[in-house]
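In what follows, a single structure is set out as structure tokens and then discussed.
Heavy-atom basis, side chains included; hydrogens, waters and symmetry copies ignored. To find a chain, count down the sequence lines: A is the first, B the second, and so on, and within it residues start at 1.
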Amino acid sequence: MNKPYYITTAIAYTSRKPHIGNSYEIVLADALARFKRMQGYDVFFQTGTDEHGQKIEEYAAAAGISPKEYVDKVAGEIKDICDCLNTTYDKFIRTTDKDHEESVQKIFKKLIDKGDVYKSAYEGWYCVPCESFFTDSQLVDGKCPDCGREVRKEQEEAYFFKMSKYQKQLEEYIESNPDFIYPESRKKEMINNFIKPGLQDLCISRSTFKWGIPFPGDEKHVIYVWVDALLNYITGLGYDPDNQSEMYKKYWPADVHIIGKDILRFHTIYWPIMLMALGEPLPKQVFGHPWLLSGNDKMSKSKGNVIYADDLCNRFGVDAIRYYLLSEMPHAQDGTITYETIIERFNSDLANTLGNLVNRTVAMNNKYFDGVIQAPTAAEEIDEDLKATALGTLSNVAKLLDTYKVSDAISLVFDLAKRCNKYIDETMPWALAKDEEKKARLGTVLYNLLESIRFVAVLLKPFMPETSDKILEQIGTDVNTLESLDSFGAIKAGDKVGVATPLFSRLDVEKTLAEIEASLPDLNEEKEEEKEIEGLAEIVYDDFAKVELRVAEVTDCQPIKRAKKLLQLTLNDGTKTPRTIASGIAKWYSPEDLIGKKVIIVANLAPRTLCGVESHGMLLAGEVSEEDVKVAFVEGMPAGTQLS
RNA sequence: CGCGGAGUAGAGCAGCCUGGUAGCUCGUCGGGCUCAUAACCCGGAGGCCGUGUGGUUCAAAUCCCACCUCCGCAACCA
């Protein structure tokens with residue numbers, strides 16, 4: 001009986017087609033899953049899509065289709081990308097799957113019965129004109145922080161989950177399982193930011209939109225999308241609170257959830273607590289991997305630096321992209337992707353080191369022995385180091401993969417390939433070939449090379465499956481198990497090698513970049529489209545007339561402590577009393593840039609306290625791009641001028 | 001003074017926990033070789049390891065302190 005191993009990725013939100021940064025996770029998980037399978041584990045590897053929530057309802061509405069139609073389309077795109085990356089998930093779950101939805105409802109019933117869910121016990125201060133709820137701490141002098149009017153205690157109907165009840169239990173679990181949150185730095189973040197200050201009960205229902213799983217016993221509510229999504233890890237195994245499925249018994253608890261570092265909070269706090277409430281064991285480990293950045297920036301449509309996995313695979317081949325992602329991503333820091341570096345790694349690692357090694361070795365065997373693999377009858381001292389390197393690589397790779405150091409692991413495999421290249425220089429087969437008496441030695445050298453390359457191919461299997469197969473075919477063997485790496489000599493003398501075919505043809509850097517450049521003409525068009533969609537609904541004149549715009553002069557300006565993004569401005573708005581406004585422009589402007597300048601402010605905006613500063617109004621600024629904001633300065637109008 | 005991480009050759013990174021003459025990949029320069037995809041192998045140049053002529057030590061990239069810069073989390077862009 002093989003030991004079970006359950007590995008998951010986060011399920012992808014079906015808001016839009018994922019970019020290569022989003023796709024890194026599934027490749028990472030796939031490489032781990034493949035390796036575990038080779039190690040003999042009974043692996044269950046799950047991925048899928050997270051399809052509910054307000055955002056999706058809005059996107060669908062904007063696209064003029066139903067939410068279901070919308071998610072069907074995007075889920076299809078996501079699945080296509082997983083497939084084009086050659087990932088071997090065992091299950092692709094969708095949160096709109098019938099059985100998931102039913103199971104989630106059952107689970108909720110159980111939580112409710114258990115008394116961990118309470119309805120509308122949440123009391124808030126309600127401001128009628130603002131239609132908003134506030135907590136005690138949000139109130140300003142006991143009044144509405146938005147408009148300053150009286151608030152009254154009211155209840156909004158919502159369901160809450162008693163997080164706080166499990167706080168201690170969670171702390172104990174984290175304490176006694178030091179590897180649960182990984183890597184370490186993230187663990188500190190979670191503990192210091194969320195757990196130590198005390199857990200708040202979590203609002204687990206929504207009633208302002210419809211696209212979600214109906215709350216059991218209350219039609220007006222849908223289940224909060226995160227809760228729905230997290231449960232996929234057990235509903236995918238057919239979890240049923242009343243009678244557990246065979247799959248669940250076998251695979252739960254998960255060995256590892258592979259997720260992005262941004263959603264660790266949900267996976268290391270909410271998720272464990274939900275499981276505790278259900279009386280189920282907790283996942284053994286949550287690994288928050290870093291992000292893949294495009295150049296120095298996060299990938300975003302408006303920056304025009306989005307790169308998609310399928311485009312890359314079409315251009316460079318799946319394995320080249322898998323290799324890039326897995327080898328280039330640092331273990332605990334964000335990685336970067338650019339076309340230049342892809343081409344660089346492609347040429348130097350895949351074409352030169354690996355591809356050329358296989359090619360020259362196979363070519364020599366064909367040339368000198370008509371393809372027939374010779375028995376290694378003439379060993380020499382110098383062979384030993386090569387063999388030792390080959391034999392030692394697997395255990396080191398395995399060790400590194402246990403702690404998700406995938407890039408280091410791959411690099412060990414390439415070290416072996418480099419050792420082979422060096423061995424060729426050390427033994428100089430072409431020189432041996434000139435001397436008839438050294439035939440046996442020549443045959444031995446080539447045998448050692450072929451066998452070492454077999455080690456490379458087998459070790460490459462989890463990372464570059466297609467390439468691995470191609471190499472094995474060329475070196476004339478099909479022995480590809482990890483066990484076969486316990487000893488040196490699985491290649492059979494007398495067998496024939498295949499035809500030497502380049503695995504990766506070197507790319508011309510400039511030509512390739514030019515081609516890519518040419519294939520990306522539609523960036524501006526997409527930008528335009530997006531802007532149109534984001535426009536607000538039409539308003540009537542009366543609505544506009546409610547906004548009081550005024551010219552004001554900045555008389556003083558300083559940064560606000562504890563707030564990185566805010567500047568505190570003191571303004572002359574034409575009245576006698578100076579006005580204070582907090583504005584989120586610290587990233588783009590320093591106080592000197594603003595003092596003395598005239599700006600346009602919204603003068604009748606309700607005051608609001610931000611990081612301890614009461615802000616009266618806002619100043620107009622334009623978001624040129626996600627990374628650039630420009631304040632609208634005016635000249636030629638005195639402070640106090642009203643605009644209409 | 002919110003929490004955490006990073007600052008090492010032109011670029012990207014390792015080393016730091018368990019102090020002992022600074023390492024890898026790419027690039028660059030020189031040499032070797034010709035089996036191979038102008039590939040492969042060897043060697044050189046290039047770093048006062050963010051700053052403090054700071055502390056501990058026989059010895060600090062590594063431990064301690066202060067400061068600077070960048071990033072993430074939290075707060076937050078009215």
In whole Å, what separates the [atom1] atom of [N] from that of [M]?
N: B:C1; M: B:G46; atom1: P; answer: 48 Å
N: B:C13; M: B:G4; atom1: P; answer: 24 Å
N: B:G72; M: B:U18; atom1: C1'; answer: 29 Å
N: B:A14; M: B:U25; atom1: C1'; answer: 10 Å
N: B:A66; M: B:G2; atom1: P; answer: 14 Å
N: B:U8; M: B:G47; atom1: P; answer: 15 Å
N: B:C58; M: B:C48; atom1: P; answer: 28 Å
N: B:C16; M: B:A11; atom1: C1'; answer: 23 Å

Look at all strands and tell whether [X] reaches a base, only sugar-phosphate, or nothing, counting heavy atoms closer than 4.0 Å.
X: A:Ile581; value: nothing
X: A:Ala433; value: nothing
X: A:Arg345; value: nothing

Ion pair present between [X] and [Y], side-chain N to carboxylate O less than 4.0 angstrom?
X: A:Glu553; Y: A:Arg579; result: no
X: A:Arg550; Y: A:Glu548; result: yes
X: A:Glu515; Y: A:Arg315; result: yes
X: A:Asp334; Y: A:Lys261; result: yes
X: A:Arg441; Y: A:Asp383; result: yes
X: A:Asp370; Y: A:Lys496; result: no
X: A:Glu451; Y: A:Arg454; result: yes

Which dot-bracket notation, 5' to 3', represents the base pairing of RNA chain B when pairs are defined as Watson-Crick or G-U with both distances under 3.5 Å, crossing pairs as [ ], and inter-strand pairs as |?
.(((((((.[[[[.)....(..]]]].(((((.......))))).....[[[.[[..)....]]]]])))))).....
Quick one, which residues of residues 437-445 of chain A touch RNA chain B with a heavy atom under 4.0 Å?
none
A:Phe316: which residues meet the ring-ring contact (aromatic ring centres under 6.0 Å, His included) condition with it, sequence neighbours left out?
none
Less than 4.0 angstrom between a side-chain N/O of A:Arg506 and OP1 or OP2 of B:A39, yes or no?
yes
Any side-chain donor-acceptor pair under 3.5 Å between A:Ser164 and A:Asp201?
yes
If you measure only the distance, is there a donor-acceptor pair under 3.5 Å linking the side chains of A:Glu344 and A:Tyr339?
no
Can you check the [X] [atom1] to [N] [atom2] distance for me, whole Å?
X: A:Tyr324; N: B:U25; atom1: OH; atom2: C1'; value: 13 Å
X: A:Leu264; N: B:G72; atom1: CG; atom2: P; value: 16 Å
X: A:Leu619; N: B:C77; atom1: CG; atom2: P; value: 14 Å
X: A:Asp508; N: B:A38; atom1: CG; atom2: P; value: 13 Å
X: A:Asn347; N: B:C26; atom1: CG; atom2: P; value: 12 Å
X: A:Ile343; N: B:G27; atom1: CD1; atom2: P; value: 14 Å
X: A:Asp415; N: B:C41; atom1: CG; atom2: C1'; value: 15 Å
X: A:Phe346; N: B:U25; atom1: CZ; atom2: C1'; value: 18 Å

RNA chain B: A:Lys261 or A:Ala417, which has the more 5' nearest nucleotide?
A:Ala417
Residue whose nearest RNA chain B nucleotide is more 5′ - A:Ser348 or A:Asp262
A:Ser348
Quick check for you: among B:C26, B:C73, B:C42, whose closest atom lies nearest to any side-chain atom of A:Lys422?
B:C42
Counting heavy atoms from C-beta on, name the nucleotide in B:C40, B:G72, B:A74 closest to the side chain of A:Asn352.
B:C40
For nucleotides 31-36 of chain B, just jot down a letter per nucleotide in 5' to 3' order: B, S or -, based on protein non-hydrogen atoms under 4.0 Å.
-BSSBB
Measure all distances between protein nitrogen or oxygen atoms and nitrogen or oxygen atoms of nucleotides 7-14 of chain B, and list the pairs falling under 3.5 Å.
none

Donor-acceptor contacts under 3.5 Å from residues 501-513 of chain A side chains, at least two apart:
unit_1: A:Thr501; atom_1: OG1; unit_2: A:Val499; atom_2: O; d: 3.3
unit_1: A:Arg506; atom_1: NH1; unit_2: A:Asn352; atom_2: OD1; d: 2.8
unit_1: A:Asp508; atom_1: OD1; unit_2: A:Glu510; atom_2: N; d: 3.1
unit_1: A:Asp508; atom_1: OD1; unit_2: A:Lys511; atom_2: N; d: 2.9
unit_1: A:Thr512; atom_1: OG1; unit_2: A:Asp508; atom_2: O; d: 2.6

Identify the two heavy atoms, one from A:Asn421 and one from A:Thr353, that lie closest to each other, and give their separation to 0.1 Å.
ND2-O, 3.3 Å
Over 60° means perpendicular and under 30° means parallel, so tell me whether A:Phe414 and A:Tyr323 are parallel, tilted or perpendicular.
tilted
Under the 3.5 angstrom rule, does the side chain of A:Asp435 hit a backbone N or O of A:Glu437 as a donor-acceptor pair?
yes
Looking only at the aromatic ring of each residue, does the gap between the centers of A:His289 and A:Tyr24 stay below 6.0 angstrom?
yes
Is there a side-chain hydrogen bond (donor to acceptor under 3.5 Å, both in side chains) between A:Thr555 and A:Asn572? Walk through the geometry before answering.
CA-CA 6 Å; A:Thr555 55; A:Asn572 168 14; over 6 Å; no
